[in-house]
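All remarks here apply to the structure that follows.
Quick note on labels: first sequence line is chain A, next is B, and so on, each numbered from 1. What's counted below: heavy atoms across the whole structure, side chains too, no hydrogens, waters or symmetry copies.
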2 protein chains.
Amino acid sequence: MVKDKPPEHPSKIPCQKARYRTETEWGALTRDEINLFDRDVVCKTYCSGETIFVEGDACKGLYFVEHGLVAVRKTEINGQSTIVRLAYQGDTLGYRPLLAKENHRATAEVINDTHICFINAKTMRHFLRSNPKLGMRFLEHTALALGQAEERMFQIAALSVRTRIIHLVVLLRDHYGTITSDGTLFVDLPMSQRDMADMIGARPESVSRALRDIQDDGLIHLSGHTVRVDRVDRLVEELHHH
Amino acid sequence: MVKDKPPEHPSKIPCQKARYRTETEWGALTRDEINLFDRDVVCKTYCSGETIFVEGDACKGLYFVEHGLVAVRKTEINGQSTIVRLAYQGDTLGYRPLLAKENHRATAEVINDTHICFINAKTMRHFLRSNPKLGMRFLEHTALALGQAEERMFQIAALSVRTRIIHLVVLLRDHYGTITSDGTLFVDLPMSQRDMADMIGARPESVSRALRDIQDDGLIHLSGHTVRVDRVDRLVEELHHH
DNA sequence: CGCCAGGTTGATTTCGCTCAAGCAATGTGG
DNA sequence: CCACATTGCTTGAGCGAAATCAACCTGGCG
């Protein structure tokens with residue numbers, strides 16, 4: 001049972017000028033459009049466990065992740081659920097249903113405290129009509145996401161839990177990994193093992209066991225939520241072999 | 001080992017005016033653009049078993065399926081492979097890598113004899129720049145495909161082989177199903193059980209057994225590649241329950 | 001006719017899920 | 001400040017679904 005903390009009041013403050021936006025699809029906006037964006041944007045901070053939107057909701061607009069971590073989750077009738085995507089700093093949420101003209105097909109659930117800029121669908125559609133470049137940026141982004149989804153589909157179908165876990169650790173390295181001067185890699189897992197299980201389509205017990213197996217083989221060393229990898233090449237080599 | 005039959009010579013004939021195009025993303029083209037399309041298009045008939053492009057190839061352009069059936073397949077180092085998507089009449093192949101500016105991440109393999117209209121990447125990029133509507137159509141299409149990919153990911157992770165087979169039969173009904181006057185449904189499976197296995201992430205033996213189980217339960221009746229479904233509702237009901 | 005790919009069937013094994021118990025860390029109320 | 005819930009992780013035992021291995025059809029085709 002998730003207890004929703006009282007949400008903070010939405011703010012009209014334009015998110016410290018939202019500098020991250022310029023490095024994303026939103027970099028296509030003209031100066032005038034940026035002003036319009038800043039006029040209409042509504043910003044809000046979500047705490048861990050809160051939901052941004054839920055499966056079945058109409059798509060009211062887009063959510064730009066200023067910083068934080070959000071899981072996009074699908075839930076079945078029987079209660080099983082899968083995380084279909086993660087949204088990091090700089091990612092935009094809700095673009096798929098908006099572009100496909102559908103309702104939300106998944107729930108966005110905050111994993112780490114997250115600052116979100118919301119832009120309503122009407123303004124967004126205006127941008128798409130007036131600025132073809134923005135559409136092309138989103139087109140490119142959606143095509144990349146489709147490739148990733150197909151990649152993951154393949155993995156879940158063909159690879160063992162152990163291998164999928166290694167894939168996940170390598171994936172999380174991009175955002176949560178640091179490398180020390182002696183070449184040791186540390187990955188600070190930003191989520192619970194339950195969430196990791198939902199990411200790779202497995203049960204939490206299986207994740208726990210797989211992590212211990214990999215540790216027993218000397219490929220990683222776990223302490224709390226931090227994974228130490230002494231020989232990254234050996235870990236990656238297992239991916240290419242299996 | 002696939003033995004590639006000698007490909008027929010590409011033809012400049014504009015595919016019997018390609019009437020199917022108007023009902024797809026390509027419907028956004030203006031009259032002038034259609035003329036340009038017809039000038040640059042190269043058409044060709046592929047036989048079952050031939051490949052249109054392979055994983056790792058640079059994306060040279062788009063392939064419009066005039067008619068036929070194509071499987072988009074990913075293959076692992078160890079030889080395992082999965083069909084990530086099917087392309088039917090009216091579908092366009094190769095748009096994902098073109099839009100994402102990547103190489104092909106999958107192989108397109110002809111299942112049933114297929115007539116393809118090829119349009120080169122340069123012309124396509126010209127269309128995208130000159131006609132924002134076309135980009136929006138592809139954006140919508142890609143967003144829908146992303147939703148489907150996420151749906152399938154979920155299914156493979158959570159459902160039994162039996163249930164996934166039923167899903168597949170119901171999916172194929174759209175293109176290969178006919179319904180008789182007494183309400184009986186016939187689905188003419190367009191592919192081998194091996195391919196069906198690759199579609200749902202299972203082994204051929206498991207597909208064979210699952211099909212027989214479903215038949216033993218009286219839900220379907222198999223004869224050759226034709227599935228007879230007397231009570232469609234009972235079949236669909238199993239999907240909603242499981 | 002014989003070959004061979006595709007399909008069936010059986011025996012065995014393996015992987016991961018389920019169920020269940022225990023444990024450490026954190027939180028909470030008296 | 002201590003008893004107690006709660007939550008997340010670990011570990012074990014047993015089971016079941018599907019993979020694997022292997023033999024054997026069957027029909028189409030050179």
Just list the side-chain donor-acceptor pairs under 3.5 Å for residues 196-215 of chain B, sequence neighbours left out, or say none.
| from | atom 1 | to | atom 2 | distance (Å) |
| --- | --- | --- | --- | --- |
| D198(B) | OD2 | R73(B) | NH1 | 2.6 |
| R212(B) | NH1 | D216(B) | OD2 | 3.2 |
| Q215(B) | OE1 | L222(B) | N | 2.8 |

Can you name the atoms? Protein N/O to nucleotides 5-7 of chain C N/O, anything below 3.5 Å, with the distance.
| from | atom 1 | to | atom 2 | distance (Å) |
| --- | --- | --- | --- | --- |
| dG7(C) | OP1 | Q193(B) | N | 3.4 |
| dG7(C) | OP1 | H225(B) | NE2 | 3.1 |
| dG7(C) | OP2 | Q193(B) | N | 3.1 |

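- Residue D213(B) contributes atom CG, which lies 12 Å from atom P of dG10(C) at whole-angstrom precision.
- Taking five base pairs at each end of the helix from dC1(C)-dG30(D) to dG30(C)-dC1(D) and finding the rotation axis that steps the C1' atoms of four pairs onto the next four gives two axes whose angle is 20°, to the nearest 10°.
- In terms of the side chain to side chain donor-acceptor pair (under 3.5 Å) criterion, residue partners of T163(B) (sequence neighbours excluded) are, by chain and number, S160(B).
- With sequence neighbours excluded, the residues satisfying side chain to side chain donor-acceptor pair (under 3.5 Å) with D217(A) are R162(A).
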Validation: residues 165-175 of chain B side-chain donor-acceptor distances under 3.5 Å, sequence neighbours left out:
none

Along nucleotides 13-26 of chain C, 5' to 3', which nucleotides get a B, which get an S, and which get a -, given that the test is a protein heavy-atom distance under 4.0 Å? ---SSBB-------

Side-chain donor-acceptor pairs under 3.5 Å in residues 177-185 of chain A, sequence neighbours left out?
| from | atom 1 | to | atom 2 | distance (Å) |
| --- | --- | --- | --- | --- |
| T180(A) | OG1 | D182(A) | OD1 | 2.3 |
| T180(A) | OG1 | T184(A) | N | 3.3 |
| T180(A) | OG1 | T184(A) | O | 3.3 |
| D182(A) | OD1 | T184(A) | OG1 | 3.3 |
| D182(A) | OD2 | T184(A) | OG1 | 3.3 |

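- For dT10(D), neither phosphate oxygen OP1 nor OP2 lies less than 4.0 angstrom from any side-chain nitrogen or oxygen of R212(A).
- Partners of F186(A) under the ring pair (Phe, Tyr, Trp, His ring centres under 6.0 Å) rule, at least two apart in sequence or in another chain, do not exist in this structure.
- Contact check on E150(B) versus R85(A) returns a salt bridge, with a Lys/Arg side-chain nitrogen under 4.0 Å from an Asp/Glu carboxylate oxygen.
- Residues satisfying the side chain to side chain donor-acceptor pair (under 3.5 Å) criterion with D113(A), sequence neighbours excluded, are absent altogether.
- Distance, L222(A) CG to dG8(D) C1': 14 Å, rounded to whole Å.
- When the side chain to side chain donor-acceptor pair (under 3.5 Å) test is applied to R105(A), the partners found at least two apart in sequence or on another chain are E102(A), E151(B).
- Checked against ring pair (Phe, Tyr, Trp, His ring centres under 6.0 Å), Y46(B) has no partners two or more places apart in sequence or in another chain.
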